[in-house]
Amino acid sequence: MSQAQLDNPGTYLPDDTMQMFRAAWELPAQCAAAWRIGRDAPVPPAKPYRNIVVTGLGGSAIGGDLLRVFTAGRLEIPVIVNRDYRLPRFVDDATLVFAVSYSGNTEETLSAYDDARGRGAAVVALTTGGRLGERARRDMVPLITIPAGTAPRAATGYLFLPTLAVLERLGLLDGMDAEVDGLVRHLEVLRRRYGPDAPSARNPAKQLAHNLYERLPVIWGVTGTTEVAAQRWKGQINENAKAPAYWNAFPELNHNEIVGFEQPVGVLRGIWLVVLRDPEDHPRVNLRVEITRSFVGTAAGMSEFTASGPTRLARLYSLIYLGDYTSLYLAVLYGTDPGPVRVIDRLKAELGAKSPA
Ligand code: F6R
């Protein structure tokens with residue numbers, strides 16, 4: 001598909017059977033709605049929690065990473081993201097656990113929910129329903145119900161912002177109204193830049209999709225800022241474009257990954273690097289990025305993007321939004337319907353047939 005075709009949404013939007021483009025366009029309204037849901041949601045008892053765990057998988061876990069990175073400089077207790085059946089040993093009655101599953105039927109999350117309950121942790125369930133919803137109702141656990149009807153990865157606003165609202169209502173955070181307001185306004189600006197009606201000539205998401213087409217995307221973020229966006233880009237390219245992608249973060253990648261750009265040359269020439277930066281990155285990390293450029297010349301090319309926005313939350317999401325749109329355009333270039341993830345569905349069905357959660 002040529003550049004001109006990406007600029008003709010009428011040729012591909014009808015093939016987007018799950019309306020992923022529409023969900024991306026509506027993300028600002030979703031964030032505003034998610035914030036309202038969180039502000040009205042039931043909350044667990046306000047007590048001196050020693051740690052917070054967000055347990056979930058895939059599209060339901062990335063909100064946990066957003067929470068972890070966003071709160072790292074604000075909260076005095078750690079936020080840990082758990083992507084497994086079991087919770088870490090430290091979880092006890094001084095832990096606040098968010099069990100997050102869009103469908104409510106992800107077996108790892110159901111198992112972790114039971115684990116949290118067994119250890120006496122304060123649990124909040126965040127879901128559209130499913131078995132997680134049933135268990136939360138049965139156990140009289142605070143249940144935050146979000147709207148169903150899209151793919152989990154298209155519901156990051158719903159899967160993240162209510163957790164932030166709960167922490168604010170417990171007195172652990174403040175000033176979040178302004179953060180969310182800045183986020184919504186900024187996403188409204190960005191969608192006009194990244195959306196299908198913005199022509200390729202001035203649409204970075206479309207331009208980047210062309211660079212990534214028939215190449216192996218390697219996304220580099222920065223620990224503590226853009227690492228979440230890098231991980232999200234990888235997942236979105238996998239699930240929307242049905243293509244491989246890998247991610248890593250500075251400064252860790254400076255201690256191993258950069259050594260691996262000597263061979264095999266045939267593979268390296270197929271890599272397109274994307275570096276995601278934030279104005280708050282450590283000055284030494286900025287220097288690292290500059291120096292690193294000289295070590296990766298075997299890759300086909302490199303693009304760089306810096307987070308933008310009036311608030312920290314807006315900056316975190318700005319790069320996620322760019323990656324979401326880029327992955328959708330990449331799906332178009334590959335002639336793939338971005339919505340369905342048949343491989344995940346099949347895996348879950350096969351597992352479910354063997355050991356019901
Ligand atoms: C599908 C997607 C997946 C799911 C994951 C967990 O759009 O993003 O990564 O999020 O398989 O399922 P849920 O979110 O239903 O717990």
Side-chain angles (χ1 to χ4, degrees), residues 16-24 26-27 30 34 37 53-67 81-87 97-116 123-136 143-163 228-245 247 320-321 323-328 330-331 336-352 355-357:
D16 174 15
T17 60
M18 289 174 64
Q19 306 214 310
M20 300 296 280
F21 275 96
R22 185 172 167 182
E26 289 175 352
L27 185 62
Q30 181 191 129
I37 289 173
V53 174
V54 182
T55 192
L57 278 296
S60 291
I62 201 79
D65 288 303
L66 278 164
L67 190 73
V81 183
N82 186 72
R83 292 176 160 90
D84 195 13
Y85 290 84
R86 284 186 281 250
L87 295 170
V97 175
F98 289 101
V100 186
S101 170
Y102 187 77
S103 63
N105 293 324
T106 297
E107 65 173 44
E108 299 95 312
T109 312
L110 290 167
S111 162
Y113 169 91
D114 291 342
D115 197 4
V123 181
V124 176
L126 175 55
T127 180
T128 60
R131 273 173 274 173
L132 182 60
E134 282 165 19
R135 284 185 203 187
L143 169 63
I144 306 178
T145 306
I146 53 172
T150 187
R153 63 190 184 283
T156 52
Y158 287 131
L159 293 164
F160 162 55
L161 290 167
T163 63
V228 192
Q231 183 169 5
R232 167 77 173 177
W233 278 54
K234 176 225 182 291
Q236 290 293 79
I237 293 168
N238 296 154
E239 292 191 58
N240 289 340
K242 281 73 177 172
W247 76 281
I320 287 182
Y321 211 25
D324 286 2
Y325 267 113
T326 301
S327 67
L328 292 175
L330 194 54
T336 300
D337 184 358
V341 283
R342 293 198 180 83
V343 173
I344 298 177
D345 296 342
R346 210 181 108 193
L347 181 101
K348 287 183 179 179
E350 286 189 26
L351 277 165
S355 60

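Atoms considered below: every heavy atom in the structure, side chains included; atoms not considered: hydrogens, waters and symmetry mates. Whatever order the structure lists ligands and atoms in, that order sets their numbers, starting from 1.
- For the side chain to side chain contact (heavy atoms under 4.5 Å, CB included) test with Thr106, the passing option among Thr127, Leu57, Thr55, Val100 is Leu57; the others fail.
- The residue from Ala155, Pro340, Ser103, Gly63 that puts a heavy atom closest to atom 15 (O) of ligand 1 is Ser103.
- For the atom pair CZ of Arg86 and CG of Asp115, the computed distance is 8.5 Å after rounding to the nearest 0.5 Å.
- Close approach to Ser60 involves these atoms of ligand 1, each under 4.0 Å from a residue heavy atom: 10 (O), 13 (P), 14 (O), 16 (O).
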>> If you apply the rule salt bridge (Lys or Arg N to Asp or Glu O under 4.0 Å), what do you find for Lys242 with Asp337, and how did you get there?
In response: CA-CA 9 Å; Lys242 281 73 177 172; Asp337 184 358; over 6 Å; no
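- Residue Leu57 has at least one heavy-atom neighbour below 4.0 Å for each of these atoms of ligand 1: 5 (C), 6 (C), 10 (O).
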> Do Lys234 and Asn238 pass the side-chain hydrogen bond (donor to acceptor under 3.5 Å, both in side chains) test, and can you show the C-alpha distance, the side-chain angles, and the key distance before you say yes or no?
Replying inline: CA-CA 6 Å; Lys234 176 225 182 291; Asn238 296 154; 2.5 Å; yes
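- Scanning all protein heavy atoms for the shortest distance to atom 7 (O) of ligand 1 gives Arg153 NH1, 2.6 Å.
- The structure places OH of Tyr113 at 14.0 Å from CZ of Phe98, a figure rounded to the nearest 0.5 Å.
- Considering only non-hydrogen protein atoms, atom 10 (O) of ligand 1 sits nearest to Gly59 N, 3.0 Å.
- The atoms of ligand 1 that sit less than 4.0 Å from any heavy atom of Ser101 are 13 (P), 15 (O), 16 (O).
- Between Asp324 and Arg153 there is no salt bridge, since none of the side-chain N atoms of the basic residue sits less than 4.0 Å from a carboxylate O of the acidic one.
- The distance from ligand 1 to the heavy atoms of Lys348 drops below 4.0 Å at these ligand atoms: 5 (C), 6 (C), 11 (O), 12 (O).
- Residue-ligand proximity, Thr106 to ligand 1, at heavy-atom distances under 4.0 Å covers atoms 6 (C), 12 (O), 13 (P), 15 (O), 16 (O).
- An N or O contact shorter than 3.5 Å is missing between Thr109 and ligand 1 by distance.
- Of the possible polar contacts, none joining the Asn240 side chain to the Ser327 backbone as a donor-acceptor pair under 3.5 Å is found.
- Ligand 1 has no nitrogen or oxygen under 3.5 angstrom from a nitrogen or oxygen of Gly58.
- Once rounded to the nearest 0.5 Å, the distance linking CD1 of Ile144 with OH of Tyr158 reads 13.5 Å.
- Per-residue contacts place Glu239 under 4.0 angstrom from the following atoms of ligand 1 (heavy atoms of the residue considered): 1 (C), 2 (C), 3 (C), 7 (O), 8 (O), 9 (O).
- Each of the atoms 7 (O) of ligand 1 lies under 4.0 Å from some heavy atom of Ala151.
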